Undergrad: 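Structure in structure tokens, see below.
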Number of protein chains: 4
Amino acid sequence: MNERSFFSEIFLCLSFMPTDKKTAILKSVLHLVNSVGFYHLNMKMIAAEAGVAAGTFYLYFKKKEDVINELYNLVVDEFNQAVLNAYQDDGDIKVIFTQMLEAAIQFYLQQKNYFSFIEQYTYAPFLFKENQEQNFVLLLPIYKMMRKGKKLRLIKDIPDAILLSIIHGSMNTMIKMHYAKKVSLNNAATRKKFYQACWEAVAVS
Amino acid sequence: MNERSFFSEIFLCLSFMPTDKKTAILKSVLHLVNSVGFYHLNMKMIAAEAGVAAGTFYLYFKKKEDVINELYNLVVDEFNQAVLNAYQDDGDIKVIFTQMLEAAIQFYLQQKNYFSFIEQYTYAPFLFKENQEQNFVLLLPIYKMMRKGKKLRLIKDIPDAILLSIIHGSMNTMIKMHYAKKVSLNNAATRKKFYQACWEAVAVS
Amino acid sequence: MNERSFFSEIFLCLSFMPTDKKTAILKSVLHLVNSVGFYHLNMKMIAAEAGVAAGTFYLYFKKKEDVINELYNLVVDEFNQAVLNAYQDDGDIKVIFTQMLEAAIQFYLQQKNYFSFIEQYTYAPFLFKENQEQNFVLLLPIYKMMRKGKKLRLIKDIPDAILLSIIHGSMNTMIKMHYAKKVSLNNAATRKKFYQACWEAVAVS
Amino acid sequence: MNERSFFSEIFLCLSFMPTDKKTAILKSVLHLVNSVGFYHLNMKMIAAEAGVAAGTFYLYFKKKEDVINELYNLVVDEFNQAVLNAYQDDGDIKVIFTQMLEAAIQFYLQQKNYFSFIEQYTYAPFLFKENQEQNFVLLLPIYKMMRKGKKLRLIKDIPDAILLSIIHGSMNTMIKMHYAKKVSLNNAATRKKFYQACWEAVAVS
DNA sequence: GATGAATGAGTTTTCATTCAT
DNA sequence: TATGAATGAAAACTCATTCAT
């Protein structure tokens, strides 16, 4: 089983949702946030892209920002699902660590829209009030693995926030650089080097 | 000389600019982007916060987005200045590495508005056309140090993008966590642990 | 059949268009250009006069000047239609000449708004970009008749521009004088004297 | 003495006025009305073109429309002066008629700005309240000649308005056609044909 | 459920006019 | 006189939301 087919089963749940109007709207927003950004997103675009009438939106969402928040939850769930699937309770912690990073990166490589959406959502404070406490939801599976590594004295006994920042922050920037064509994550050797560097940051030396 | 006064001399150039109307507008936008975000920023707010009439804005900027771009350039210049001041051409590379990270973190700790502004600007694709190629401008001083470390075989010979991602990405996430109160960067020991972890990620082991 | 009813059938197509919002806006602009002029015409007036909300305008026209240009084309078409109806391919050229002038004058007498609109549109250089080459569109039916008269050696063999200037220019000024109450074109004898003088200007003597 | 020098003495009084600020403003408006039109004329343009500060305008004029009205009076005076200079109390009425038309046409040919300004002023009802009764001021010298011709039974005994319309209206349209390059009034033969046609319209046959 | 024309409050931007210097 | 920065009311235009069909 190649990587693509392995992940496509997991990732594409939004893509395979029944093609009803509500799903069409959610997909339309996901696509538009990536192409025009939150700032320029408007109801006319959403309706046109979804192939529905302007009023139809309000049968499924109370107001514009609701679709954003609902979409965020869907996207986060998919991401967590993808990364958790890479988590094995038994097994070498470095292998698990690497597999989770790999899962996360593959997720974003195959779903540019998801990455773009999460980035904008996360870095837009006060865009939507519900945003304020969700910032680090994405990190939950990674967090779980980390705690285990600490117990086994394989991962440094330093504040979780530091470990999370290194893992999550550097991964995000790597993906951004990939999309900005500063580096190619399609190259497995490059990914391996990245995972190794991350590991050395967090591992007990 | 304590840290605060050391940096305040460098950072606060925007704060110490002559209090003319244009500066008042720039400051007003910097403050509002942090408090309400790009998405909710409007001309009425800008004028009110700056204490000028609505029309005054257009004496200094051709259109709304121009103030954003001008401000971005100012902020980036200040950041680079602050970090470059920490760069010494001779000296232990690990010390330089640490000092630059420290300078960057101190910059953002003392200027929450700057951090918030840069984050939103960087992660808002297509918000402003000029945005598209500037994404990694902030990394230039770090990049310089890195190249030197590579030559001395003290820093890993892996793609620059990986090194930059680890340094820049994890630092940004650390600061976000600090402002989200998940960790306190006011604690020097915590900062030291973070720098050490970063160093181990990039250093030849 | 009196003159009024004869022409009203032809002229009032704008008046008889279905009373939808777009027509209401077109009528509103036609009326307002006559009463306040291009210079003072604004969107608030247009909406109020048309009995629609401000935003409704933009469902039918992309920008303010578009309604002006669309209206101009409608008005010109109606004028040409009215004058062409008076044109007979066979028949005494002087009779045709007189009938066309009569048709044109009757058109404007019954549609003061149309006259006022065309005058302002024509004499406002650079008001609207599309204006620049349309200046003499109105003269087409008259031009056709003239050429025929020249062939028959009943109309002077002098440049068309001279003949057109005399016919069109003097007619326009007559109508302006009528509306300025310097002369009454309701008097058939007066009109007859005017047509005769025009004829003598253009006819081979 | 060629035509140009003959008229330049008369016409260029605005051009030769002392180059003080007020004159600069008047000239600036005359030029701008021709190039951008009343509709797009604004105070910034006027000041820039005149080479004065925005506030200077208000030392000489109470409000924007005042400069328009003052300029109109100046332009009308110059026109009347030019045409009256061609009027001789004794002499063949046809010769006088022709000379006056020639004087009027030469005036406008040498002063496109004047023509453009008068056209727009005349055809913009309600643009400026003072406009309403001045519409036919320009015709006064022509009117004077006409009355004399009527007395001598050389000019038709038909309402003055008809005679004025033919003379004034056709002349105006001729000049417009000249500037639209539909005919060239620089050709003396063309002008002669035009004068002859006009004469036949108004003369007792 | 689905539509899309209509709304009108809100947005950005313009510009005639003022006034401290 | 002369300036030009500053004003703020008003302009053109946008857009999330509603509602009759």
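Labels below follow one simple rule: chain letters A, B, ... track the order of the sequence lines, proteins then strands, and each chain is numbered from 1. Treat the numbers as computed from the prediction; the structure is a model and nothing was measured.
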Undergrad: Does D:Tyr179 have D:Lys112 sitting over its ring (NZ/CZ under 6.0 Å from centre, angle to axis within 45°)?
TA: yes
Undergrad: For E:dT7, does OP1 or OP2 lie under 4.0 Å from any side-chain N or O of C:Thr56?
TA: yes
Undergrad: Measure the distance from NZ on C:Lys63 to P on E:dT13 and round it to the nearest whole Å.
TA: 18 Å
Undergrad: Among the nucleotides F:dT17, E:dT13, F:dA5, which one has an atom lying closest to any side-chain atom of B:Met43?
TA: E:dT13
Undergrad: Touch check for B:Leu41, heavy atoms < 4.0 angstrom, all strands: base, sugar-phosphate only, or nothing?
TA: sugar-phosphate
Undergrad: At under 4.0 Å, does any side-chain N or O of B:Lys21 touch on OP1 or OP2 of F:dT7?
TA: yes
Undergrad: Between B:Lys62 and A:Ala53, which residue's closest nucleotide on DNA chain E lies nearer the 5′ terminus?
TA: A:Ala53
Undergrad: Write down the partner of F:dT21 under the Watson-Crick or G-U wobble criteria, each distance required to be under 3.5 Å.
TA: E:dA2
Undergrad: Could you state the CE-P distance from A:Met45 to E:dG4, rounded to the nearest angstrom?
TA: 19 Å
Undergrad: For the residue pair D:Lys22 and D:Phe61, would you count it as a cation-pi contact if the rule is NZ or CZ under 6.0 angstrom from the ring centre and within 45 degrees of the ring axis?
TA: yes
Undergrad: Given atom NE2 of B:His40 and atom P of F:dA16, what is their separation to the nearest angstrom?
TA: 11 Å
Undergrad: Roughly, in whole Å, what's the span from CG in B:Asn42 to C1' in E:dT11?
TA: 8 Å
Undergrad: Could you measure the distance from the CD1 atom of C:Ile25 to the CD atom of C:Glu70? Nearest 0.5 Å is fine.
TA: 10.0 Å
Undergrad: Of the options F:dA2, E:dT17, F:dT17, whose atoms approach the side-chain atoms of D:Tyr58 most closely?
TA: E:dT17
Undergrad: Which whole-number value in Å describes the distance from C:Ile25 CD1 to E:dA6 P?
TA: 9 Å
Undergrad: Measure CD/D:Glu65 against C1'/E:dC15 and give the value in whole Å, please.
TA: 16 Å
Undergrad: Would the distance check show the side chain of C:Ser28 and the main-chain N or O of C:Ile46 forming a donor-acceptor pair, the cut-off being under 3.5 Å?
TA: yes
Undergrad: Give the ring-plane orientation class for A:Tyr108 versus A:Phe79, where under 30° counts as parallel, over 60° as perpendicular and anything between as tilted.
TA: parallel
Undergrad: Which of these nucleotides, E:dT3, E:dG4, E:dT11, is closest to any side-chain atom of A:Ala54?
TA: E:dG4
Undergrad: Output yes when at least one side-chain N/O atom of D:Lys64 is less than 4.0 Å from OP1 or OP2 of E:dC15, else no.
TA: no
Undergrad: Provide, to the nearest angstrom, the distance between the NZ atom belonging to B:Lys44 and the P atom belonging to E:dT12.
TA: 11 Å
Undergrad: So which one's nearest nucleotide on DNA chain E is more toward 5', C:Leu59 or B:Phe57?
TA: C:Leu59
Undergrad: In this structure, how many angstroms lie between the P atom of E:dT14 and the CZ atom of B:Phe61, rounded?
TA: 15 Å
Undergrad: Base, sugar-phosphate, or nothing: which does A:Tyr60 touch, judged by heavy atoms less than 4.0 Å apart?
TA: sugar-phosphate
Undergrad: Is there a Watson-Crick or G-U wobble partner for E:dC15 with both distances under 3.5 Å, and which nucleotide is it?
TA: F:dG8
